[in-house]
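These notes concern the structure reproduced below.
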Amino acid sequence: MLFLIDYENVGRAGMCGCEYLDVQDHVVLFYSEGKKNAERRSLDQITSSGCVFEICKLYRVGKNALDFYIASKLGELIGSGYAGISVIVSNDHGFQAVRDYWEKKADCKRTICLSACIEDGIVSGNENNQRTKELRRLREKLTIGGYYSAYTERMRIRKVLERLFAGTEYETMTDDIQNLIEGKEKTSKVIYLNSLHLFGRKNGLEIYNTIKACEEL
């Protein structure tokens, strides 16, 4: 994906999601003398991602000058053969015209997303990849009460497992055992088979029998 960041407009908030960039991305950071500082962690995350990284500083101050830079750079890259998804990271609604042109008027149609930050842009791009799926999972809206109930139940199960396997050769495996019994499919047969698969026949059977005999689980 191509990210054109209007740093003068979005600032620190627009850099949210830098940690999800990868080697297939291209990031161009547009800034001016009036807003020339960015947090080290954001810049480090961009450069450590392996993506193509460019900066573009405003040469002469003027109304909407940086916006024209961004629109020009987008045209330059598309004209050079870029055919992927582009994200303009800005809160400036004027970029809607740029999106309309490339999606509706241009002979070579291109997908342009307008987002307030890098993370929003990745989600809006709707690519079928792991980072998009992970971000959608992390952004899922949950009821606080429901989440807390699940959390307290998980903590209860953790204490039961720690007590069950304390002093045994399995006491360091409580995380794996808990994940086993809290999987999507919780039937006895599935837990039994997964236990054998994860821990081997002998150990898996012993772990399964211990779990099965516990009335608190």
Side-chain angles (χ1 to χ4, degrees), residues 1-139 141:
M1 295 180 74
L2 169 65
F3 298 88
L4 305 168
I5 304 173
D6 183 359
Y7 191 72
E8 187 177 59
N9 179 276
V10 296
R12 175 186 176 187
M15 306 293 269
C16 175
C18 285
E19 65 271 28
Y20 290 97
L21 294 170
D22 61 36
V23 295
Q24 299 181 61
D25 295 320
H26 185 165
V27 175
V28 187
L29 185 62
F30 297 83
Y31 72 102
S32 65
E33 183 65 24
K35 203 160 190 174
K36 61 182 181 180
N37 298 318
E39 288 189 347
R40 176 186 294 274
R41 61 177 168 181
S42 297
L43 297 174
D44 282 347
Q45 286 170 338
I46 292 174
T47 53
S48 65
S49 72
C51 71
V52 175
F53 179 42
E54 299 180 58
I55 61 170
C56 185
K57 184 178 180 181
L58 184 63
Y59 178 71
R60 182 180 292 116
V61 177
K63 185 178 180 181
N64 299 325
L66 214 54
D67 296 356
F68 291 125
Y69 272 36
I70 293 171
S72 298
K73 184 65 173 180
L74 177 62
E76 176 189 334
L77 291 172
I78 291 177
S80 297
Y82 178 73
I85 297 170
S86 301
V87 180
I88 297 177
V89 179
S90 177
N91 292 309
D92 189 335
H93 297 297
F95 284 114
Q96 178 64 52
V98 177
R99 180 167 70 177
D100 287 346
Y101 173 79
W102 285 107
E103 293 187 351
K104 299 175 182 178
K105 295 292 184 180
D107 291 335
C108 53
K109 301 292 189 295
R110 295 290 184 267
T111 298
I112 312 295
C113 299
L114 307 180
S115 301
C117 65
I118 292 172
E119 181 179 304
D120 287 351
I122 293 172
V123 174
S124 297
N126 199 32
E127 292 182 312
N128 184 26
N129 56 29
Q130 188 56 43
R131 70 175 178 183
T132 303
K133 293 175 183 177
E134 175 64 9
L135 280 172
R136 290 193 183 283
R137 185 188 73 81
L138 292 174
R139 289 156 66 109
K141 296 294 190 298

Euclidean distance, [Y] [atom2] relative to [X] [atom1], rounded to 0.5 Å:
X: M1; Y: I118; atom1: CE; atom2: CD1; result: 10.5 Å
X: D44; Y: R41; atom1: CG; atom2: CZ; result: 11.0 Å
X: L66; Y: I70; atom1: CG; atom2: CD1; result: 5.0 Å
X: Q130; Y: L135; atom1: CD; atom2: CG; result: 10.0 Å

Under the rule for salt bridge (charged side-chain N to carboxylate O under 4.0 Å, His left out), what residues qualify as partners of [X], not counting sequence neighbours?
X: D22; result: R131
X: R137; result: E134
X: K36; result: E33

I'd like a table of donor-acceptor pairs (distance under 3.5 Å, sequence neighbours excluded) in which one partner is a side-chain atom from residues 97-104, with atom names and distances.
{"unit_1": "R99", "atom_1": "NH2", "unit_2": "Q96", "atom_2": "OE1", "d": "2.7"}
{"unit_1": "D100", "atom_1": "OD1", "unit_2": "Q96", "atom_2": "NE2", "d": "2.8"}
{"unit_1": "E103", "atom_1": "OE2", "unit_2": "I112", "atom_2": "N", "d": "3.1"}

Minimum heavy-atom distance Y82-S86, with the two atoms named: CE2-OG, 3.3 Å
Shortest non-hydrogen separation from Y20 to D25 and the atoms involved: O-OD2, 4.4 Å
Pairs where residues 117-126 contributes a residue and the test salt bridge (Lys or Arg N to Asp or Glu O under 4.0 Å) is met, not counting sequence neighbours: E119-R139, D120-R139
From CA spacing to verdict: side-chain contact (heavy atoms from CB on, under 4.5 Å), F3, I122: CA-CA 9 Å; F3 298 88; I122 293 172; 3.7 Å; yes
Residue F68 excluded, over 12 heavy atoms near CZ under 6.0 Å: no
Non-neighbouring partners of T132 that pass side chain to side chain donor-acceptor pair (under 3.5 Å), sequence neighbours left out: N129
Residues which pass side-chain contact (heavy atoms from CB on, under 4.5 Å) with E54, listed by chain and number, not counting sequence neighbours: H26, V28, K73
side-chain hydrogen bond (donor to acceptor under 3.5 Å, both in side chains): pairs with one or both residues in residues 60-69, sequence neighbours excluded: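 Matches after skipping sequence neighbours: none remain.
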Side-chain donor/acceptor pairs under 3.5 Å, residues 4-17, sequence neighbours excluded:
{"unit_1": "D6", "atom_1": "OD1", "unit_2": "N9", "atom_2": "N", "d": "3.4"}
{"unit_1": "D6", "atom_1": "OD2", "unit_2": "S90", "atom_2": "OG", "d": "3.1"}
{"unit_1": "Y7", "atom_1": "OH", "unit_2": "N37", "atom_2": "O", "d": "2.9"}
{"unit_1": "E8", "atom_1": "OE2", "unit_2": "S32", "atom_2": "OG", "d": "2.7"}
{"unit_1": "N9", "atom_1": "OD1", "unit_2": "N91", "atom_2": "N", "d": "2.7"}
{"unit_1": "R12", "atom_1": "NE", "unit_2": "E39", "atom_2": "OE2", "d": "3.1"}

Qualifying residue for side-chain contact (heavy atoms from CB on, under 4.5 Å) with C18, from I46, T47, V27: I46
Note, L21 side chain near F53 side chain (heavy atom, < 4.5 Å):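 Of all side-chain heavy-atom pairs linking F53 with L21, none is under 4.5 Å.
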